[in-house]
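This is a predicted model, so every value here is computed, not measured. What's counted below: heavy atoms across the whole structure, side chains too, no hydrogens, waters or symmetry copies.
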Amino acid sequence: MIAGLPFAFGAPAILFGLLALPVIWWLLRLTPPRPQAEPFAPLAILARVLKPEETPSRSPWWLTALRLLIAALVILALAEPVLNPRDRALSSNGPLALVIDNGWASAPDWDARVEAAEVLINEAEDLDIPVAIVFTANRRHDATPTGFERARDQLRAARPQPLRPERAAAATALIAALGETRPGTIAYISDGVETSDAADALNRLAGLEASAIRIIGASEARALALTGADNGADRLSVTASRLDSGQAENFALTASDSKGREIASGEIRFAVGDAEATGTISAPFEIRNDIARLDVTGVDTAASARLLDDSFRRRRVALISGEAADIAQPLLSPLYYINRALSPYADLIEAGNEEMSASIPKLLAQSPAVIVMSDIGTLPEDVSTSLDEWVERGGTLIRFAGPRLAAAPSDSQLLPVLLRKGERELGGALSWIEPQPLAAYPSTGPFAGLPTPRDIAIRRQVLAEPSADLAARTWASLADGTPLVTASERGSGRIVLFHVTAEASWSNLPISGHFVDMLRRVVQLSRAVSGGGEAGSGILPPWRLLDANAALLPASGDAKPLALTGNSVVRAGPDNPPGLYGGEDGFVALNLFEPGETLAPIAIPEFEVPVTRSAIAGDSAVDFRPWLFSAALIALLADTLIVLVLNGAFRRRGLKPATRASAAAAILLISGLSVALTVAPSTVHAQDAQPGDVDLLESLDRTRLAYVITGDDETDNVSKLGLDSLSRYLFSRTALEPGTAMGVDIETDQLALYPLIYWPMSEDADMPSPAAISRIDAYMKSGGTVLFDTRDRIVDLGGGSSALTLRLQQILASLDIPPLEPVPDDHVLTKSFFLLETFPGRYSDGPLWVEAIPDTNNPAERPARTGDGVSSILITGNDMAAAWAVDEQGFPMFSTIPADPWQREYAFRAGVNIVMYMLTGNYKADQVHIPALLERLGQ
């Protein structure tokens with residue numbers, strides 16, 4: 001390889017042949033071309049006086065230079081020059097051990113990693129050594145050394161996972177599979193992100209005593225992860241960590257609601273050298289509470305998306321006190337410490353009227369999630385009933401003790417436990433010798449995990465009457481066993497009682513930081529979670545899970561329920577991938593990174609064997625031999641042609657000089673084209689007949705509908721039967737006589753022959769290649785129409801979360817499509833043949849999306865269509881082919897949803913209208929038809 005250049009020669013010794021060029025020059029001078037004979041009339045006279053014929057001593061310099069060029073080209077070609085040569089560093093002393101990171105960080109460049117691995121497998125095939133392949137993020141490993149085809153199959157079947165690599169487990173599997181066999185080369189395609197087990201895994205791989213080690217991709221890794229989100233008082237703060245901190249970077253943030261609609265945006269800015277940064281999203285409280293997901297624009301990984309649940313949302317908390325606030329002495333106010341504790345985490349509202357009968361109904365009208373009452377003993381009956389109903393519906397009532405509550409009746413329905421009348425205080429009838437500290441929190445309560453404070457002293461409290469269920473209702477207690485915080489469930493809500501006051505007269509708890517943690521935990525429990533538990537406890541089934549590219553899909557595979565019990569901290573892993581756990585009524589978000597975690601580059605230890613480090617790149621080597629040989633051949637043909645011209649070969653045929661020059665140029669051009677076709681046949685596409693053209697021409701005898709062959713046999717069969725059935729319906733109801741439907745391969749088939757192509761989405765179909773997408777785009781722009789059908793009852797194009805809708809969104813992201821809208825009431829599609837209001841299929845509740853019609857200032861002048869053509873794209877989710885499809889006996893293959901016998905008839909009519917619209921365009925948009933249409937409508 002030439003220093004500083006990615007260029008090398010396979011046989012550099014042949015370059016010494018260039019030293020022979022001076023010898024070739026000398027030899028060419030000794031063999032000049034034959035002199036040209038010119039006829040001259042008085043030749044007989046001059047023959048007696050002329051000296052004997054003389055031969056030129058040398059050939060023209062430019063002809064000699066051309067021949068030297070031919071020799072140099074041949075020598076260079078024989079030296080095997082290669083641009084970007086592959087680094088063939090595999091050892092033939094044993095099998096190739098291929099370790100590939102396929103965690104979340106590998107998703108953006110996964111195709112490049114697969115290509116790099118294929119190059120290594122190809123090289124192993126050249127050396128005839130087996131391949132052992134293992135993927136670090138897979139649950140199961142099959143690292144047995146195997147043949148090349150099976151290794152390629154394993155590689156093609158692998159996919160990036162939304163998880164962190166478990167390199168130690170992969171190393172264990174590889175070591176067990178190799179047994180006593182010593183590998184020749186260990187090739188590690190790394191994502192570059194450090195994990196806790198990376199050093200141990202690499203050291204264990206080094207113990208295999210391989211002859212060589214290759215590290216690919218570690219030095220060029222770039223990754224970004226969202227590590228936290230905090231819903232503050234006036235803005236949302238998002239923390240992120242990146243791997244490469246060498247330069248300043250800005251990343252756009254997108255906040256979406258539960259339906260996938262973008263509702264806010266922000267930005268994260270990294271300065272030079274910063275591995276962590278915090279961005280903000282400024283939005284009103286109500287909008288921030290609707291945010292269900294955060295994404296980094298342009299970075300699609302499981303770590304660049306952060307899912308949010310109810311624990312993130314700011315609660316609306318209402319504050320009520322039994323005492324009037326003393327503005328001159330705010331520290332004595334019972335609500336002062338509650339306000340200071342919750343204001344960073346909740347939207348606080350206070351009662352504006354001291355009269356409970358008036359203030360509490362006003363607070364309830366604002367739909368608070370939590371109501372905090374400080375030292376309120378007796379409530380009016382109507383207020384008590386309203387509060388009880390609010391708790392039953394899911395509200396959380398937090399009460400604090402005080403003199404009024406101590407003196408109130410103990411059988412109030414808004415208390416979690418029965419209370420003894422009176423209060424326990426130092427020096428009183430129910431006294432203890434010294435203030436009591438707090439005991440350790442129960443492991444199953446909401447305060448589990450909080451450290452037990454040792455500096456909090458309780459001097460007074462209200463006591464609970466002993467009962468069989470008192471221990472189960474106690475969330476916190478004092479060292480002597482008496483309850484400090486009790487709670488009970490009421491319907492969908494709960495009532496929580498602090499047995500001390502909300503200010504510092506009974507204890508120093510309100511002036512401690514521990515008070516903030518306790519209140520925040522209780523407020524976060526103000527939303528029930530399906531699955532038998534709360535946000536902090538329960539067994540929750542997987543509901544929606546992230547894939548490696550940050551798409552949120554229905555749960556499938558090996559995901560296990562999320563166990564939120566005790567004080568255990570659940571982290572995303574193979575058993576619990578990142579996603580949403582629970583159900584429609586409530587869920588818990590599990591993200592890949594916990595708050596405070598950061599990204600760090602992987603540390604590669606020192607190895608005793610040779611180590612080759614390289615970037616991730618496929619087989620980008622360019623062999624110059626074909627081009628050099630071709631250039632030498634062209635130059636040789638040119639030399640031959642020149643010699644023929646100089647020797648008068650064309651003159652003897654009576655051609656004029658200009659004609660001879662033209663013939664020579666033509667011969668040279670034809671020679672060059674023939675060589676180009678020989679060297680690069682893949683770059684020249686013949687315009688002659690292609691395989692299958694005969695069948696294609698035979699199918700042009702009549703109009704035919706077409707459908708995209710997805711590769712899913714069941715989906716393709718339904719499309720075929722559905723379009724055939726629609727064609728027969730068109731034959732019976734219209735003047736059109738369509739032929740049988742045709743399946744088209746969008747990668748290779750001619751698309752321009754069909755006016756309409758039906759494209760159903762399939763989970764099992766491969767993503768179309770960029771070339772196929774480009775062909776579809778050209779087809780739509782040249783007048784064709786594609787009817788996309790997600791078959792999942794899609795209602796909102798931007799809000800779908802099914803795999804079929806996500807597949808459609810991926811396809812549309814690569815197409816140059818116009819703005820879309822549901823079919824307007826006055827669109828041509830509603831009257832192209834039948835008069836229709838909806839376009840049902842197997843389902844009836846999804847709209848049909850078409851190219852949007854431009855708005856006008858006057859709605860009455862809004863055009864009925866978008867121009868002289870038709871919409872190039874139609875989108876539905878109603879599964880139209882399933883509604884049209886019938887079996888061989890003529891019976892429908894699928895029932896309609898809902899089971900309405902007229903729905904299938906309207907589905908056929910919708911199909912007729914779509915086909916007529918494709919074929920006739922704006923025919924029914926003409927104003928001349930309006931009187932007849934109005935007469936049909938009875939207007």
Side-chain angles (χ1 to χ4, degrees), residues 1 3 6 85-103 105-106 109 112-127 129-138 141 143-146 151 155 164-223 243-244 599-618:
M1 182 176 293
R86 285 190 297 173
D87 186 8
R88 296 179 176 270
L90 293 188
S91 171
S92 59
N93 296 333
L96 166 65
L98 187 54
V99 182
I100 303 176
D101 280 342
N102 63 326
S106 66
D109 58 350
R113 295 173 182 273
V114 171
E115 186 177 356
E118 285 182 340
V119 170
L120 293 173
I121 294 175
N122 294 338
E123 191 173 339
E125 184 176 13
D126 295 340
L127 297 175
I129 57 176
V131 179
I133 186 170
V134 64
F135 299 92
T136 59
N138 285 5
H141 304 283
T144 304
T146 184
L155 181 64
R164 305 187 199 201
E166 296 190 357
R167 298 177 171 115
T172 299
L174 181 61
I175 293 172
L178 291 175
E180 300 298 327
T181 304
R182 178 181 174 183
T185 300
I186 297 177
Y188 177 31
I189 302 179
S190 172
D191 62 14
V193 182
E194 180 69 284
T195 55
S196 59
D197 60 349
D200 175 63
L202 292 175
N203 288 327
R204 293 174 63 193
L205 291 178
L208 292 175
E209 299 181 352
S211 300
I213 294 179
R214 296 190 65 175
I215 306 296
I216 303 174
S219 59
E220 63 184 50
R222 294 172 58 85
L243 199 62
D244 183 9
L599 300 180
I602 188 171
I604 305 296
E606 296 294 332
F607 297 99
E608 297 181 358
V609 296
V611 177
T612 303
R613 299 172 183 260
S614 61
I616 294 178

Heavy-atom closest pair (Ala151 atom, Thr146 atom, distance to 0.1 Å) is N-CG2, 4.0 Å
Ala143 and Ala173 have their tightest heavy-atom pair at CB-O, 3.9 Å
Rounded to the nearest 0.5 Å, the CG atom of Leu96 sits from the CZ atom of Arg214 at a distance of 9.0 Å
- [ ] Assess whether side-chain contact (heavy atoms from CB on, under 4.5 Å) is satisfied between Thr185 and Leu120, documenting all intermediate values.
- [x] CA-CA 10 Å; Thr185 300; Leu120 293 173; over 6 Å; no
Rounded to the nearest 0.5 angstrom, the CG-CD1 distance for Leu208 and Ile186 is 4.5 Å
Thr136 meets the side-chain hydrogen bond (donor to acceptor under 3.5 Å, both in side chains) criterion, sequence neighbours left out, with Asp101
Separation between CZ (Phe607) and CD1 (Ile213), nearest 0.5 Å, reads 4.5 Å
Partner of Pro165 under side-chain contact (heavy atoms from CB on, under 4.5 Å), picked from Asn138, Ile602, Thr195, is Thr195
The reported gap from OG in Ser91 to CD1 in Ile129 (rounded to nearest 0.5 angstrom) is 7.0 Å
In short, Asn102 meets Ala137 closest at the heavy-atom pair OD1-N, 2.7 Å
When every non-hydrogen atom of Ala221 is compared with those of Asp244, the smallest separation belongs to O-CB, 4.4 Å
Rounded to the nearest 0.5 Å, the CG atom of Leu90 sits from the CD atom of Glu125 at a distance of 12.5 Å
For a 4.5 angstrom cut-off between non-hydrogen side-chain atoms, does Leu205 reach Tyr188? no
Per side-chain contact (heavy atoms from CB on, under 4.5 Å), Ile216 is matched among Val99, Leu98, Ile616 by Ile616
With heavy-atom distances below 4.5 Å as the criterion, would you say the side chains of Arg204 and Thr172 are in contact? yes
All heavy atoms of Leu202 vs all of Ala603, minimum pair found to be CD1-O, 3.9 Å
Non-hydrogen side-chain atoms of Ile100 and Leu155 separated by less than 4.5 Å = yes
Closest non-hydrogen contact found for Ala177 with Pro145 is O-CD, 4.0 Å
Residues at least two apart in sequence or cross-chain that pass side-chain hydrogen bond (donor to acceptor under 3.5 Å, both in side chains) with Ser92, listed by chain then number, are none
So salt bridge (Lys or Arg N to Asp or Glu O under 4.0 Å) across residues 176-199, not counting sequence neighbours, yields Arg167-Asp191
